[in-house]
Engineer: 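Mind having a look at this structure? Questions to follow.
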2 protein chains.
Amino acid sequence: MAAARELTSSTISADLAEQLSQAIIKGDIAQGSKLSEPELARRFGVSRGPLREAIVRLEGMGLVTRQPNVGARVIRLTVEDVAATFAIREALEGMAARLACSAATDAELADLQALLDQHEAELAASGDGHYADQEGNYDFHNRIIRASHNEQLISLLGDELYARIRMYRQQTADHRTDPRQALREHRMIVDALVNREADLAEMLMRRHISRSQRLLEVYLRESVG
Amino acid sequence: MAAARELTSSTISADLAEQLSQAIIKGDIAQGSKLSEPELARRFGVSRGPLREAIVRLEGMGLVTRQPNVGARVIRLTVEDVAATFAIREALEGMAARLACSAATDAELADLQALLDQHEAELAASGDGHYADQEGNYDFHNRIIRASHNEQLISLLGDELYARIRMYRQQTADHRTDPRQALREHRMIVDALVNREADLAEMLMRRHISRSQRLLEVYLRESVG
DNA sequence: CTGGCCCATATTGTCGACAATATAGGCCCA
DNA sequence: TGGGCCTATATTGTCGACAATATGGGCCAG
């Protein structure tokens, strides 16, 4: 369960939203479990006011569902939800890649290439380091999303969608993605960006995401049933 | 400014969120204006507790921005924002059309065709009825979105994106979309759905949205500058 | 006269308490 | 013994008040 440490972002409500979302993503607060306001308020040492505001935020992030006069429950991830989330992700990140083709600065593209070089080095060194524990993967996708320079898109993917995606990853042990294959696909995407080939970049990104979706779904079906 | 009527959805907070979002979309609460909690609480005859929760919801919808210890302001729509919003809309509704190709039931497709028949009749009757005051247009898009049977996509487009889109439409007098052209494009999209041609449906939907984006941007540039 | 500091004021953030609704358990009756 | 009602309890929703922070205006120095 969640501890009671703080982050102090000048407002308790924002801190609580951050802590609770992380706890849900990591699975410290179990799927389907009820968020009891008195219990959480006591544990975090705050009143119910800011806690309720944080829960409203969680609902907006799609991490909990609420019923009036009943309360909030953590969402329960189903195989269908994975498909739904990844369809959205495919559409939005594909668009991000397209936009990045026009909007990305040369510096951003250089950073992307440097990042992949680093990943390649790490991969060669650690043999099979799971591609930097997935964090490198997130970093790559995040940079392309930011390179779209579309603030709404950045916030939509960052605040809402990736919360659920991280939740899948964190809570489903591991998924059999080949780091070398992922790196190859990342390379191809960056090449398309560098050459400013919008159609190609979007298509490659969509295929890349679609592939990782299939891998995740295969794993879910054979593990959960 | 906003009145003080109610909708009674069993919780004040939800009612307030609904009322405030509508007021912002219609422009009753001006762009860039500050949402004063004491003033709104007094006007609606409620305490600041549920009001603050409603404001958090509005922030999640992207209708207001908040600064800690300062307050919430209604977003200000810029020409760049239109482009950003429509890029997201194009990606998501394109995906919705694609998904609807597999997921839509025959009944849903029949309803869509009936809807377009009705639109055609109204158009022929009223000569130039602006395609049912845009509501018919929203209805068409909404049905396709729902036909995707992707709950997350439905909620994302319905709760967040369409709030901003309606805000553009409502607050920019009129935009010179040709109702007959729109109807033709709608027909083509539905034909693709009926024939279950996913690639074509997505492409047509994206072009349809992209076109309406360009029309709106032209209008904004020559009216606002 | 202008710029910066300081204080009064208003607004936001947080809290504890009350009201209203849902939930669980026992009790009554068939 | 089983099912339904009803009450006791706990939880959610709402309120008013207090604390902390930002805002605006006046005052003083240069």
Side-chain angles (χ1 to χ4, degrees), chain A residues 1-21 23-24 29-61 63-76, chain B residues 1-21 23-24 29-61 63-76:
Chain A
M1 277 291 189
R5 73 191 181 289
E6 53 187 306
L7 299 171
T8 178
S9 84
S10 89
T11 160
I12 294 180
S13 175
D15 281 353
L16 285 175
E18 176 64 21
Q19 298 220 28
L20 288 175
S21 65
I24 291 173
I29 301 179
Q31 293 182 27
S33 66
K34 184 160 158 43
L35 294 188
S36 164
E37 294 180 9
E39 180 190 336
L40 288 175
R42 186 166 35 77
R43 184 180 315 166
F44 286 94
V46 299
S47 78
R48 285 176 47 228
L51 174 62
R52 283 175 62 84
E53 292 181 15
I55 292 177
V56 172
R57 280 193 174 86
L58 294 181
E59 185 186 20
M61 284 194 259
L63 291 179
V64 306
T65 57
R66 288 180 76 191
Q67 280 185 60
N69 295 314
V70 173
R73 303 196 85 89
V74 177
I75 58 167
R76 202 181 290 275
Chain B
M1 277 292 189
R5 71 190 183 291
E6 54 187 306
L7 300 171
T8 178
S9 85
S10 88
T11 159
I12 293 181
S13 175
D15 281 353
L16 285 175
E18 177 63 22
Q19 298 220 26
L20 288 175
S21 65
I24 291 172
I29 301 179
Q31 292 183 29
S33 65
K34 184 159 156 42
L35 293 188
S36 165
E37 293 180 9
E39 181 190 334
L40 288 175
R42 186 166 36 78
R43 184 180 315 165
F44 286 93
V46 300
S47 78
R48 284 176 48 228
L51 174 62
R52 284 175 61 85
E53 292 182 15
I55 292 177
V56 173
R57 280 194 173 86
L58 294 181
E59 186 186 21
M61 284 195 259
L63 291 179
V64 307
T65 58
R66 288 181 75 191
Q67 279 186 62
N69 296 314
V70 174
R73 302 195 87 88
V74 177
I75 59 168
R76 202 181 289 275

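Since the model is a prediction, treat every value here as computed from it, not as a measurement. Here is how names work: the chains are called A, B, and so on, in the same order as the sequence lines, proteins then strands, and each is numbered from 1.
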Engineer: For B/K34 and C/dA10, what is the distance between atoms NZ and P respectively, to the nearest whole Å?
Structural biologist: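 Going from NZ in B/K34 over to P in C/dA10 covers 14 Å.
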
Engineer: List the residues meeting side-chain contact (heavy atoms from CB on, under 4.5 Å) with B/A72, not counting sequence neighbours, and say none if there are none.
Structural biologist: B/L35, B/I55, B/V64, B/R66

Engineer: So, using side-chain contact (heavy atoms from CB on, under 4.5 Å) as the criterion, who are the partners of A/V46 when residues are at least two apart?
Structural biologist: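 Residues passing side-chain contact (heavy atoms from CB on, under 4.5 Å) with A/V46: A/I12, A/L16, A/F44.
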
Engineer: For A/E37, what residues pass the side-chain hydrogen bond (donor to acceptor under 3.5 Å, both in side chains) criterion, not counting sequence neighbours?
Structural biologist: A/R48, A/R52

Engineer: side-chain contact (heavy atoms from CB on, under 4.5 Å) with B/S47: which residues, sequence neighbours excluded?
Structural biologist: B/P50

Engineer: Tell me: CG of B/L40 to C1' of C/dT11, nearest whole Å?
Structural biologist: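 Whole-Å distance recorded here is 13 Å.
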
Engineer: Could you tell me whether A/L51 contacts a base, only the sugar-phosphate backbone, or nothing, with contacts defined as non-hydrogen atoms closer than 4.0 Å?
Structural biologist: nothing

Engineer: Check side-chain contact (heavy atoms from CB on, under 4.5 Å) between A/R42 and all other residues, then give those that pass, not counting sequence neighbours.
Structural biologist: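 Result, side-chain contact (heavy atoms from CB on, under 4.5 Å) vs A/R42: A/E39.
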
Engineer: Atom pairs under 3.5 Å, N or O on each side, protein against nucleotides 13-19 of chain D: can you list them with distances?
Structural biologist:
unit_1	atom_1	unit_2	atom_2	d
D/dG13	OP1	A/N69	N	3.0
D/dG13	OP2	A/R52	NH1	2.5
D/dG13	OP2	A/R52	NH2	3.0
D/dG13	OP2	A/R66	NH2	3.2
D/dG13	N7	A/R48	NH2	2.7
D/dG13	O6	A/R48	NH1	3.0
D/dT14	OP1	B/I12	N	2.4
D/dC15	OP2	B/S47	N	2.9
D/dC15	OP2	B/S47	OG	3.1

